[in-house]
Amino acid sequence: MDFIAIDFETANSNNHSACSLGMVFVDQNKIVDEKYYLIKPPALYFHPKNIAIHGITPEEVENEKTFAELWPQIKSYFTGTTIIAHNAYFDMSVLKACLEEYSIEQPDFPYLDSMQISSRALNGFKVGQSLKARSDFFGIQLTDHHNALSDARACAEIVIKSVGLKKRNSLASFCATYKTLPVKQFSQLKGHAKFPARKQQSVATRSFAPNIKISDLKPASGIVDESHPLFGKNIVFTGDLEKIDRKTAMQRAIDLGAQVKSGVSKKTNYLVVGLQDMKIVGPNGMSTKETKAIDLMHQGYPIELLTEKEFLQLINQ
């Protein structure tokens with residue numbers, strides 16, 4: 001098997017709330033099999049935005065297998081096989097969160113992102129990174145966007161087209177040609193697929209981050225390390241940080257060459273998620289910035305969510 005293309009859809013903003021999975025199997029650069037599963041998430045709460053995206057409702061999955069019940073049936077596909085997804089960070093995070101939710105031993109396998117694969121085949125053309133934009137460029141019909149099987153099929157076809165366009169006979173030979181293509185291991189995926197439960201905070205006992213005028217923050221003088229992961233990236237902060245105040249955190253990011261933005265957009269690379277004032281954000285503990293970031297991730301935009309700890313690790317690299 002050359003690779004398996006996958007796509008998850010979720011019931012709500014929790015990554016462990018997978019409600020469907022599409023899998024497309026590719027051998028010798030041809031699609032040879034397809035599988036589609038509806039999944040009953042841990043809680044039958046479906047956010048209206050998610051339903052509007054994929055059309056799956058609680059009633060459709062209430063009698064389906066949970067991920068834990070489905071896993072023995074699909075486990076072998078994630079052993080020794082290359083897995084590909086479009087905006088792979090999102091789908092790998094969903095898989096990781098589902099495994100963690102049910103305390104399932106995690107497999108290890110190589111995975112790639114079809115956005116990065118197809119970028120090698122664009123020959124300098126500027127094309128949007130979304131699944132639809134790449135499908136349109138390669139002349140692939142995305143007939144039922146956000147149906148997990150349809151999206152997985154489009155992902156597979158994007159890779160097949162990319163391999164063929166560069167006159168390679170397999171994904172392996174394509175990767176051998178483009179040695180900078182990042183092939184990652186699932187075991188190395190950062191453990192932030194699922195954020196810890198939101199802590200209930202009281203405005204009376206905790207002071208939350210004040211409004212900060214980003215235009216007042218200027219980069220420190222001196223040479224900036226262009227190899228740092230934050231250089232040239234767009235970063236947004238939401239919530240209160242515990243180990244470092246938000247203004248200092250923003251300044252550190254700017255000094256490393258990042259562009260700090262006030263709101264989440266399609267161009268956002270990182271969203272640093274701190275503690276939220278529950279009286280403002282509501283019972284699910286998610287700010288509008290985090291909700292928008294997750295919505296954009298569903299659409300295929302490669303936004304990475306960072307906890308405060310991960311942000312501190314990143315700036316100290």
Side-chain angles (χ1 to χ4, degrees), residues 1-27 31-47 50-51 53-114 146-156 159 183-197 294 297-298 300 305:
M1 192 71 59
D2 288 352
F3 64 88
I4 301 173
I6 71 168
D7 182 79
F8 279 104
E9 298 296 328
T10 59
N12 52 64
S13 60
N14 290 316
N15 280 343
H16 64 256
S17 69
C19 60
S20 67
L21 168 64
M23 306 184 74
V24 175
F25 301 75
V26 176
D27 191 29
I31 294 175
V32 295
D33 198 8
E34 298 180 343
K35 297 183 184 298
Y36 178 70
Y37 307 96
L38 287 172
I39 303 169
K40 181 181 178 180
L44 280 176
Y45 167 66
F46 278 64
H47 194 284
N50 293 64
I51 295 175
I53 289 171
H54 52 57
I56 300 171
T57 63
E59 292 74 22
E60 290 181 74
V61 301
E62 60 182 348
N63 295 320
E64 299 292 339
K65 293 179 179 179
T66 65
F67 183 85
E69 294 167 336
L70 176 64
W71 181 245
Q73 185 176 339
I74 64 175
K75 177 181 178 180
S76 62
Y77 302 138
F78 295 91
T79 304
T81 308
T82 298
I83 304 295
I84 296 180
H86 200 81
N87 185 19
Y89 171 77
F90 172 77
D91 295 278
M92 295 305 110
S93 294
V94 171
L95 175 60
K96 187 176 183 69
C98 288
L99 292 165
E100 290 178 347
E101 175 69 19
Y102 294 102
S103 300
I104 299 171
E105 182 180 358
Q106 300 198 11
D108 195 20
F109 54 85
Y111 71 89
L112 294 96
D113 194 320
S114 58
H146 296 302
N147 170 278
L149 182 57
S150 178
D151 285 3
R153 187 185 304 118
C155 172
V159 176
V183 181
K184 300 180 180 180
Q185 290 295 130
F186 184 72
S187 61
Q188 297 173 348
L189 184 68
K190 293 179 182 179
H192 56 259
K194 182 174 64 175
F195 280 83
I294 291 172
M297 290 167 68
H298 275 284
L305 306 185

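As a basis for the values below, the full set of heavy atoms in this structure was taken, side chains included, without hydrogen atoms, waters or symmetry mates.
Put simply, CZ on F3 and CG on L112 are 9.5 Å apart, with the number rounded to the nearest 0.5 Å. Atoms CG and CD, from L189 and Q106 in turn, are 8.5 Å apart once rounded to the nearest 0.5 Å. Considering CG of N50 and CG of N14, their distance stands at 10.0 Å, rounded to 0.5 Å. Taking CG of N12 as the start and CD1 of I294 as the end, the distance is 9.0 Å to the nearest 0.5 Å. With values rounded to the nearest 0.5 angstrom, K65 atom NZ is found 14.0 Å from W71 atom CH2. Atom-to-atom distance recorded for M92:CE and N15:CG is 12.0 Å, nearest 0.5 angstrom.
Under the rule for a salt bridge (charged side-chain N to carboxylate O under 4.0 Å, His left out), the partners of D33 that lie at least two apart in sequence or sit in another chain are K35. Every residue two or more places apart in sequence or in another chain that forms a salt bridge (charged side-chain N to carboxylate O under 4.0 Å, His left out) with E34 is listed here: R153. Residues passing the ring-ring contact (aromatic ring centres under 6.0 Å, His included) test with Y37, sequence neighbours excluded: none.
Contact check for I6 versus I84: no side-chain heavy atoms found under the 4.5 Å cut-off. Annotation: side chain of P110 is not in contact with side chain of K184 (no heavy-atom distance under 4.5 Å). For the pair L305 and M297, the minimum side-chain heavy-atom distance is below 4.5 Å. Residues Y111 and V183 have side chains not in contact (no heavy-atom distance under 4.5 Å, counting atoms from C-beta outward). With contacts defined as side-chain heavy-atom distances shorter than 4.5 Å, the pair C19/F8 does not qualify. Between S17 and V94 there is no side-chain heavy-atom pair separated by less than 4.5 Å.
E62 approaches L44 most closely through the heavy-atom pair CB-CD1, 3.8 Å. Of all heavy-atom pairs spanning S114 and H86, the tightest one is OG-ND1, 2.6 Å. Of all heavy-atom pairs between Y102 and P41, the closest is OH-C, 4.4 Å. Smallest separation of non-hydrogen atoms from G22 and Y36: CA-CD1, 4.4 Å.
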**OP:** Let me see the working for F78 and M23 under side-chain contact (heavy atoms from CB on, under 4.5 Å), right down to the final yes or no.
**Re:** CA-CA 11 Å; F78 295 91; M23 306 184 74; 3.9 Å; yes
**OP:** Kindly indicate, with the supporting measurements, whether the criterion side-chain contact (heavy atoms from CB on, under 4.5 Å) is fulfilled by D2 and T82.
**Re:** CA-CA 7 Å; D2 288 352; T82 298; over 6 Å; no
**OP:** Go through V26 and M1 one step at a time and tell me if the side-chain contact (heavy atoms from CB on, under 4.5 Å) criterion holds.
**Re:** CA-CA 6 Å; V26 176; M1 192 71 59; 5.6 Å; no
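Here the rule is side-chain contact (heavy atoms from CB on, under 4.5 Å) with I39, and of V61, L21, I56, T66 only L21 fits it.
In terms of modelled atom types and a separation under 3.5 Å, the side chain of D7 and the main chain of D151 share no donor-acceptor contact. Side-chain N or O atoms of H54 include one that pairs as donor or acceptor with a backbone N or O of T10 at under 3.5 Å. Using a distance-only test at 3.5 Å, with no hydrogens or angles considered, a donor-acceptor pair links the side chain of E60 to the main chain of T57.
Between F186 and F109, the angle of the ring planes stays under 30°, which puts this pair in the parallel group of the 30/60° scheme.
Atom CD of Q185 has more than 12 neighbouring heavy atoms from other residues, nucleotides or ligands inside a 6.0 Å radius.
Ring pair F25/Y77: centre-to-centre distance below 6.0 Å.
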